[in-house]
S.K.: 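After the structure tokens below, expect a handful of questions from me.
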There are 2 protein chains.
Amino acid sequence: MRPTTKDLAKAAGVSLATIDRVLNGRSGVRQKTIDAVNEAIARIGFERNQVAATLARQKGYRFGFVVPRSGDEFLDVILKHISEFDQASRAEMIQTKIVRIDEHDPHRAAKTLSRLSADDYDGIAIMAPETPQIRDALHRMRERGIETVAIISNQQEEDSQSFVGIDNVAAGATAGRLMARFLGNVSGSILVLAETMQARDSLERRLGFDRVLTPNYPHLHALPTLETHGYQERTGVVLKNAFAAHDDIVGLYIMGSEARVAIDFAQQLRGGSKLITIAHERTPSTEQALRDNRLDALINQDPGHIVRSAVRTLRAKCENRETLASQERIRVEILLAENL
Amino acid sequence: MRPTTKDLAKAAGVSLATIDRVLNGRSGVRQKTIDAVNEAIARIGFERNQVAATLARQKGYRFGFVVPRSGDEFLDVILKHISEFDQASRAEMIQTKIVRIDEHDPHRAAKTLSRLSADDYDGIAIMAPETPQIRDALHRMRERGIETVAIISNQQEEDSQSFVGIDNVAAGATAGRLMARFLGNVSGSILVLAETMQARDSLERRLGFDRVLTPNYPHLHALPTLETHGYQERTGVVLKNAFAAHDDIVGLYIMGSEARVAIDFAQQLRGGSKLITIAHERTPSTEQALRDNRLDALINQDPGHIVRSAVRTLRAKCENRETLASQERIRVEILLAENL
DNA sequence: AAGTTTTTGAGGTACGCACCTCAAAATGAG
DNA sequence: CTCATTTTGAGGTGCGTACCTCAAAAACTT
């Protein structure tokens, strides 16, 4: 039989009230007593029954997903998974809300974050580029007693328990390897496209990409990253210029998540010759492009997994538990038309 | 506020005892009353609080993983994940045991299965090739009130709620596409290796492989499947003969999960020329081969995911729930050295 | 030593449901 | 109609924990 709090109280030689104080980190317990309880926990192998705990706590968990106000297709996919998860986890007393922030105005974004109260949220998963304002806001949030994790794009701290998303260096390296292998002995230049190189994600992907390409495939030359800044027209112009300036373009690596426009433009511009194209994130349009052979491979991070993992991580933090690392690791997925 | 059984009783105009009888499928309730309760459930949107239910039931879940007695490296990986999961889910009142069966003796295997009682197990996840004996044993097991799912290799029924594992046709197709793309414009023959073509998995993988290769890449010729029957010596002999008979071998597709021996042999036999090698299942040795460039790609199904998914599926069946399909789908993963 | 503050204990209620008993009511059979 | 049978209701207990109150005990302070 699993030991209960009652058994623990007996084993530690204290009352249930004290056990409660220690387990839930309430104040008014001498360190000596805390140690005694912890010793007893270890000795009898006590493990809190989470099922009973959540029932008694009677308040489930309320988590918020902070996402940019304006977004691309990938964001839509994420949002879809959040609400799907919300539906499915109601029976387990977990509520999930979406909070929008203005990504282009860090000041306003920080203000929105500062308004999130511990009365309304037990934890926050945030998807936003790192800025000093956001970082501070998150810091204050934790001081207010709200747990936080960053999703998709990391917020500085390399703590694995605080970030849910892929290793972007590895993702870039994977793209690089695939690009080179798909090209075989074809030589030429490779276009690299990003929304902005301000974002850590793109920097890391580029780093990984070059790290594979430069030393191993001297016959391939990756051109400096072109930035679209999220404007569709600009994407067209930038691509057109690049194709005009280089007549040996054999590959296109789209690092940002808004790949649709770039794929279409490249399709038109490349003429008759083959162009290996690799993009990130599975969305309706990239998926379609993959099926149509307009895209050769897709590097993906499972958005459903990210949402679930973020919630599990937040919950574990609330309950002062560790997560099962192998379950929370987000894989760098390679998608072809065959394994969609 | 979520409606409780009390609210439901009021809404249905019956007592709590009757609600209990209906919800838990006890006898002694007129159909008319059952209908009335179900109507009320739909009307007020009642959803049983699983947290409270498991607490009250006070018996968690006991699941069994039925696996072959003798196995390869992949089985070891699976077992590792089962015990890891068992550790992690104790706090949620889920117990996981491992049951070994003699895969080569279907009769004995079926006998072992028939001894599993509903008193000891709420559900069974089975990993075994399909045979008539096993199929019958599973059928009787369900009649005894034990829920079942097949993992890794399917047991006939194409019911998605009864199988946890990859789509092997898609896996084979993915391997085929990668093989062809990595080979580029190189032409020649491709060796295909399996433990046995009796198993459904291998058949399906081969089917998918050919389905991509034959119509799209006429310069590549996939040879008839070679069978090793699990014997290491035989693997060597078979490969040697194949290399002797064909001097244009450019690719090797290892469909079985015991890839280690085949990779090593092929390495020695191929001489100086390049040989694209693709295998299945991530294990310590295939992983090492990938890092060493002795393997070009690995097709994988996440064993941790399979274990967790099997348990979630069994639990959902016990509670008469549906699972979240997107979460339970096992992906055909492509692994390169970069995204391990 | 007396007073003040901190720490601890005893006891209770609640969460939502499972599972039990026994009597009362409704239904069906003859 | 009566009697047997089936169906339903009322009520209770317990699961393991959270959270609350109030008094008692222990530890410090001066």
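Computed from a predicted structure; not experimentally measured. By convention in this document, chain letters (A, B, ...) are assigned in the order of the sequence lines, proteins followed by strands, and residues within each chain are numbered from 1.
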S.K.: NZ of A:Lys6 versus C1' of C:dA10: gap in Å, rounded?
M.R.: 13 Å

S.K.: With nearest nucleotide decided by heavy atoms, which residue, B:Val29 or B:Leu55, maps closer to the 5′ end of DNA chain D?
M.R.: B:Val29

S.K.: In whole angstrom, give the distance that lies between atom CD1 of A:Ile19 and atom C1' of D:dC19.
M.R.: 15 Å

S.K.: Between C1' on C:dT7 and CG on A:Leu16, what's the gap in Å once rounded to a whole number?
M.R.: 17 Å

S.K.: Applying a 4.0 Å non-hydrogen cut-off, can you work out what A:Gly13 is touching in the nucleic acid: base, sugar-phosphate, or nothing?
M.R.: sugar-phosphate

S.K.: Rounding to an integer number of Å, can you tell me how far A:Lys10 NZ sits from C:dA10 P?
M.R.: 13 Å

S.K.: Report yes if some heavy atom in the side chain of B:Leu23 is under 4.5 Å from a heavy atom in the side chain of B:Ile41; otherwise report no.
M.R.: yes

S.K.: Scan A:Thr4, A:Asn24, A:Thr5 and name whichever one has a side chain to side chain donor-acceptor pair (under 3.5 Å) with A:Arg48.
M.R.: A:Asn24

S.K.: Verify the contact: side-chain N or O of B:Arg30 to OP1 or OP2 of C:dT27, cut-off strictly under 4.0 Å; return yes or no.
M.R.: yes

S.K.: What is the nucleic acid contact for A:Val14, judged by heavy atoms within less than 4.0 Å: base, sugar-phosphate only, or nothing?
M.R.: sugar-phosphate

S.K.: With the side chain counted from C-beta on, respond yes when B:Asp35 and B:Gln31 share a heavy-atom pair under 4.5 Å apart, and no when they do not.
M.R.: yes

S.K.: Which heavy atom of B:Thr323 sits nearest to which heavy atom of B:Thr313, and what is that distance?
M.R.: CG2-CA, 3.8 Å

S.K.: Calculate the interatomic distance between B:Asp20 atom CG and C:dC20 atom P; express it in whole Å.
M.R.: 9 Å

S.K.: Ignoring backbone atoms, test whether B:Thr18 places a side-chain nitrogen or oxygen under 4.0 Å from the OP1 or OP2 oxygen of D:dG9.
M.R.: yes

S.K.: Look at A:Ser15 and C:dA10 and indicate whether a side-chain polar atom (N or O) is within less than 4.0 Å of OP1 or OP2.
M.R.: no

S.K.: For A:Asn49 and D:dT17, is the shortest distance between a side-chain N/O and OP1 or OP2 below 4.0 Å?
M.R.: no

S.K.: Using a 4.0 Å heavy-atom cut-off, does B:Ala53 contact any base of the nucleic acid, only the sugar-phosphate backbone, or nothing at all?
M.R.: sugar-phosphate

S.K.: In terms of side-chain heavy atoms of B:Ala17, which of D:dA18, D:dA10, D:dG14 is nearest?
M.R.: D:dA10

S.K.: Charged N to carboxylate O below 4.0 Å: is that the case for B:Lys80 and B:Glu84?
M.R.: no

S.K.: OP1 or OP2 of C:dG16 versus the side-chain N and O atoms of B:Thr4: is any pair under 4.0 Å?
M.R.: no

S.K.: Any side-chain N or O of A:Arg48 less than 4.0 Å from the OP1 or OP2 oxygen of D:dA18?
M.R.: yes

S.K.: On the nucleotide D:dC19, are OP1 or OP2 found under 4.0 Å from the side-chain N or O atoms that A:Arg26 carries?
M.R.: yes

S.K.: What is the distance, rounded to the nearest whole Å, between atom CD of B:Gln31 and atom C1' of D:dT6?
M.R.: 15 Å

S.K.: Calculate the interatomic distance between B:Ile41 atom CD1 and C:dG16 atom P; express it in whole Å.
M.R.: 17 Å

S.K.: Mapping A:Arg21 and B:Gln58 onto DNA chain D by nearest heavy atom, which one lands closer to the 5' end?
M.R.: B:Gln58

S.K.: Any carboxylate oxygen within less than 4.0 angstrom of a Lys/Arg side-chain nitrogen, looking at B:Asp302 and A:Arg331?
M.R.: no

S.K.: Take atom CG of B:Leu8 and atom P of C:dG16, then tell me their distance rounded to the nearest Å.
M.R.: 14 Å

